K.L.:
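Please read through the structure below; I'll follow up with questions.
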Amino acid sequence: MRKLRVDVAIVGAGTAGMSAYRNVKEHTSSVMVVENKSYGTTCARSGCMPSKLLIAAAEAANMMKEANAFGIHTRDILIDGVAVMDRVRRERDRFVNYVVESVNEWPSEHKIMGHAKFIDGHVLQIDDHTQIRADRIIIANGSRPVIPEEWKTLLGNRLLSSDDVFEWKNLPSSVAVFGTGIIGLELAQALHRLGVRVRVLGRSGRVGILTDPSLQSLSKAIFSDELPLEAAPKNIKVSRQGDQVLVEWENQDRQQKDQFDLVLAATGRTPNIDNLCFDVTGIPVNEEGFPAFDRNTGRIANSHIFIAGDVTDERAILHEASDAGHIAGKNAGLYPKESPCPRRTPLSVVFTDPQLSIAGKSFSEIEKSGIDYAVGEVSFSNQGRSRVMLKNRGGLRVYAEKQSGKLIGAEMIGPAAEHIGHLLAWSVQRGDTIQQMLQYPFYHPVVEEGLRTALRQLQKNLHQHLDPILITHCLD
Ligand SMILES: Cc1cc2nc3c(=O)[nH]c(=O)nc-3n(C[C@H](O)[C@H](O)[C@H](O)COP(=O)(O)OP(=O)(O)OC[C@H]3O[C@@H](n4cnc5c(N)ncnc54)[C@H](O)[C@@H]3O)c2cc1C
């Protein structure tokens, strides 16, 4: 057994682990990163990037289908599944190689392959070959798809998770997608638009991430209009029928069934905290097995152990994992001194069509917080630019604190939500009042004019009088 001693050990070479490594190195060169699968990160290998590549192909196919409405008639559209998946994998590999190249530049004494688990608070066992004693440890070992155990036995190789989709050499002809969260919706819509027969089965009745009841119903209506979607099916049964899967469920007391090539379980992800034997550290955990930690330092319960990224089960998105890795790396480097870092305003985007976004506080967070707030809203169905582009579906609701007149959050389903979500998150982070936001320029004709409509309504609902010297008084 090889025995090593380092100042800082990092478990996981994903986005959070790599960001932590860069920051630790500012303080010590005695550092070791442990990775148990492959370099390249979940984002590049099987997450953000390949999913957006598949969605981009689906958008191209959909644009051709929608061209008729503009008087542009295309002949039969041929979707070449082999070529679609070939581009997805080629471009994915480019992104992965870029990440792998940067890991290749790390000195060999800074990295080790193998599964890490704690054998005490300061010692990690790596497979059966190495023990690393570390003064400080950063846990950055990500999350994995949750797949119902009994389905694995029942369905064998007919059951997939999102990890498998981007290895396909061709598109299948039919897939039952379980899950109406981010991953389920993005992949189901993309596959549907690429000609795969899809049925989406949810559980809770919710479709997508929006928490505002009026936008949640709009999401359900919009996605159900395009996709065969059961938001809350009951008594689901799956069974293998030769090379196919039979899916049975109840819908409003009616028995339904359908047969598919494959089942895609997009039923959530679970943090990998459970694969570390964390309990031997003696640090208390809550009922779900998570230790308390400080989001501004990454430090777990005043210990020498830090945590970052999806493994924390909080805001499981890329830029948050990267920030959290930065913070944990810096603080592990400085330990026992601390340098708390403020966190950015929350921002989520879902790359469906129409896109979804939440900026700042969600509706449900605002409701729970007891803040006295006012709402402004707009529907995109008659919004000028959206109608021009034939993207006139959806709505936006913006929320402001009554006392200060500041924007505190927004939810949106609609065109360009990936961009509008940024504008809104930046305003929340700056502490803009609605009056200040209305002073920014709005070009014509753009989707942002829809945002201005919602802001004007919000300004009225705040019962605020405009300051006479402000430009909005003259022009709005
Ligand atoms: C299909 C999909 C689409 C997504 N799309 C988006 C998107 O559009 N935008 C966005 O912001 N986010 C998106 N995400 C989320 C984003 O990919 C993650 O938030 C991010 O990759 C998390 O980074 P991480 O460093 O925490 O984990 P990872 O990158 O998963 O890194 C963890 C690493 O730890 C390793 N590991 C695990 N256990 C051990 C162990 N015991 N010992 C050693 N190594 C271990 C793993 O092999 C892995 O390499 C998507 C995710 C998925 C799955």
Side-chain angles (χ1 to χ4, degrees), residues 9-21 32-56 88 92 95-96 99-100 103 111-118 124-127 130 132 137-146 160-166 177 179 181-188 190 209 264-278 298 307-326 328-329 344 346-352 355-358 418 421:
I10 301 170
V11 181
T15 300
M18 290 181 70
S19 167
Y21 172 74
M32 179 68 86
V33 182
V34 191
E35 170 56 50
N36 70 348
K37 270 198 197 143
S38 43
Y39 298 122
T41 75
T42 294
C43 168
R45 264 186 202 287
S46 55
C48 328
M49 299 315 282
S51 58
K52 267 76 256 176
L53 285 162
L54 191 74
I55 289 167
V88 168
R92 184 273 312 266
F95 292 120
V96 169
V99 181
V100 171
V103 177
K111 53 194 172 188
I112 186 168
M113 288 303 292
H115 181 100
K117 61 180 185 195
F118 284 94
L124 293 169
Q125 176 73 46
I126 315 303
D127 286 344
T130 308
I132 303 174
I137 294 173
I138 300 174
I139 299 172
N141 66 329
S143 61
R144 62 180 186 279
V146 178
L160 308 175
S161 76
S162 58
D163 286 355
D164 307 300
V165 168
F166 311 110
V177 178
I182 300 180
I183 296 175
L185 269 191
E186 283 189 355
L187 293 181
I209 59 169
L264 173 60
T267 37
R269 292 178 67 86
T270 188
N272 286 328
I273 190 85
D274 58 356
N275 79 20
L276 293 170
C277 300
F278 185 77
I307 190 163
D310 279 14
V311 66
T312 60
D313 203 22
E314 280 189 5
R315 300 193 196 169
I317 44 184
L318 191 278
H319 70 274
E320 293 283 355
S322 175
D323 284 352
H326 174 102
R344 293 177 220 261
L347 170 64
S348 329
V349 174
V350 182
F351 292 83
T352 44
Q355 295 180 334
L356 313 177
S357 181
I358 301 181
E418 67 179 281

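Both counts, for ligands and for their atoms, begin at 1 and track the order of listing. Quick caveat: nothing in here was measured; it's all calculated off a predicted structure. Just so it is clear, the values below take in all heavy atoms, side chains as well, and ignore hydrogens, waters and symmetry mates.
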K.L.:
Taking distance alone, with N or O pairs closer than 3.5 Å, would you say R269 contacts ligand 1?
P.N.:
no
K.L.:
Going from CD1 on I139 to CG on L276, what distance comes out if it is rounded to the nearest 0.5 angstrom?
P.N.:
5.5 Å
K.L.:
List the closest protein heavy-atom neighbour of atom 27 (O) of ligand 1: residue, atom name, distance to the nearest 0.1 Å.
P.N.:
G142 CA, 3.5 Å
K.L.:
For the residue pair I273 and I307, establish whether any side-chain heavy-atom pair is separated by less than 4.5 Å.
P.N.:
yes
K.L.:
What do we get for E320 next to ligand 1 when only non-hydrogen atoms under 4.0 Å count, side chain, backbone, both or neither?
P.N.:
neither
K.L.:
Hey, what do you get for SG (C43) to CE (M49), rounding to the nearest 0.5 Å?
P.N.:
6.0 Å
K.L.:
For atom 45 (C) of ligand 1, what's the nearest protein heavy-atom neighbour? Residue, atom name and distance, please.
P.N.:
N36 OD1, 3.3 Å
K.L.:
Answer side chain, backbone, both or neither: which part of A16 comes under 4.0 Å from ligand 1, heavy atoms only.
P.N.:
both
K.L.:
Would you check whether H319 has a nitrogen or oxygen atom less than 3.5 angstrom from a nitrogen or oxygen atom of ligand 1?
P.N.:
no
K.L.:
Which ligand 1 atoms, with their elements, are less than 4.0 angstrom from a heavy-atom of G309?
P.N.:
26 (O)
K.L.:
Using a 4.0 Å heavy-atom cut-off, which part of I183 comes near ligand 1: side chain, backbone, both, or neither?
P.N.:
side chain
K.L.:
NE2 of H115 to CD1 of I126: how many Å apart, nearest 0.5 Å?
P.N.:
9.0 Å
K.L.:
Using a heavy-atom cut-off of under 4.0 Å, does the side chain or the backbone of N141 touch ligand 1, or both, or neither?
P.N.:
both
K.L.:
For N275, check side-chain hydrogen bond (donor to acceptor under 3.5 Å, both in side chains) against everything at least two apart and list the hits.
P.N.:
N141
K.L.:
Taking only heavy atoms of L276 into account, list the atoms of ligand 1 that are under 4.0 Å away from them.
P.N.:
41 (N)
K.L.:
Residue-level breakdown please: for A116 versus ligand 1, do any non-hydrogen atoms fall below 4.0 Å on the side chain, on the backbone, on both, or on neither?
P.N.:
both
K.L.:
Whether E186 and K52 form a salt bridge (side-chain N of Lys/Arg under 4.0 Å from carboxylate O of Asp/Glu) is what I want to check.
P.N.:
yes
K.L.:
Nearest protein heavy atom to atom 21 (O) of ligand 1, by residue and atom, and its distance?
P.N.:
C43 N, 3.6 Å
K.L.:
Where does A140 meet ligand 1, judged by heavy-atom distances below 4.0 Å: at the side chain, the backbone, both, or neither?
P.N.:
backbone
K.L.:
Identify, by atom number and element, the atoms of ligand 1 in contact range of F351, meaning under 4.0 Å from any of its heavy atoms.
P.N.:
8 (O)
K.L.:
Among all the protein's non-hydrogen atoms, which is closest to atom 31 (O) of ligand 1, and how far away is it?
P.N.:
G14 CA, 3.2 Å
K.L.:
Are any of the N or O atoms of S162 closer than 3.5 Å to those of ligand 1?
P.N.:
no
K.L.:
Can you tell me which residue among V33, V103, V96, V99 is in a side chain to side chain contact (heavy atoms under 4.5 Å, CB included) with Y39?
P.N.:
V103
K.L.:
Return the closest protein heavy atom for atom 11 (O) of ligand 1 as residue, atom name and distance.
P.N.:
L318 N, 2.8 Å
K.L.:
I need the atoms of ligand 1 closer than 4.0 Å to a non-hydrogen atom of S51, numbered in the order shown.
P.N.:
3 (C)
K.L.:
Hey, does R144 have a side-chain heavy atom less than 4.5 Å from the side chain of D274?
P.N.:
yes
K.L.:
Starting at CG of L347, measure out to CD1 of I317 and round the result to the nearest 0.5 Å.
P.N.:
6.5 Å
K.L.:
Considering only heavy atoms of T15, which atoms of ligand 1 have at least one such atom less than 4.0 Å away?
P.N.:
23 (O), 25 (O), 29 (O)
K.L.:
I want to confirm something. Looking only at heavy atoms, which of G184, G114, G47, S161 is nearest to atom 52 (C) of ligand 1?
P.N.:
G47
K.L.:
Which of the atoms of ligand 1 are close to V34, meaning less than 4.0 Å from one of its heavy atoms?
P.N.:
43 (C), 44 (N)
K.L.:
For ligand 1, which atoms have a heavy atom of A316 less than 4.0 angstrom away?
P.N.:
15 (C), 19 (O)
K.L.:
Write out the residue and atom name of the closest protein heavy atom to atom 38 (N) of ligand 1, then the distance separating them to 0.1 Å.
P.N.:
N275 ND2, 3.2 Å
K.L.:
Which option wins on minimum heavy-atom distance to atom 49 (O) of ligand 1: M49, K37, E35, R144?
P.N.:
E35
K.L.:
Which of the numbered atoms in ligand 1 are below 4.0 angstrom from a heavy atom of N272?
P.N.:
37 (C)
K.L.:
With a 3.5 Å cut-off and sequence neighbours excluded, list the donor-acceptor pairs that the side chains of residues 12-21 form with protein atoms.
P.N.:
| residue | atom | partner | partner atom | Å |
| --- | --- | --- | --- | --- |
| S19 | OG | S322 | O | 2.7 |
| S19 | OG | H326 | N | 2.9 |
| Y21 | OH | H110 | ND1 | 2.6 |

K.L.:
Which residue from D310, I139, V99 reaches closest to atom 19 (O) of ligand 1 through any of its heavy atoms?
P.N.:
D310
K.L.:
Look up atom CD1 in I10 and atom CE in M32, then write down how far apart they are to the nearest 0.5 Å.
P.N.:
11.0 Å
K.L.:
Would you kindly specify which portion of K52 sits under 4.0 Å from ligand 1, judged on non-hydrogen atoms: side chain, backbone, both or neither?
P.N.:
side chain
K.L.:
In terms of residue, atom name and distance, what is the protein heavy atom nearest to atom 1 (C) of ligand 1?
P.N.:
S46 O, 3.5 Å
K.L.:
Heavy atom under 4.0 Å from ligand 1: found in V11's side chain, backbone, both, or neither?
P.N.:
side chain
K.L.:
Heavy-atom distance to atom 5 (N) of ligand 1: which of A13, P50, C48, C277 wins?
P.N.:
C48
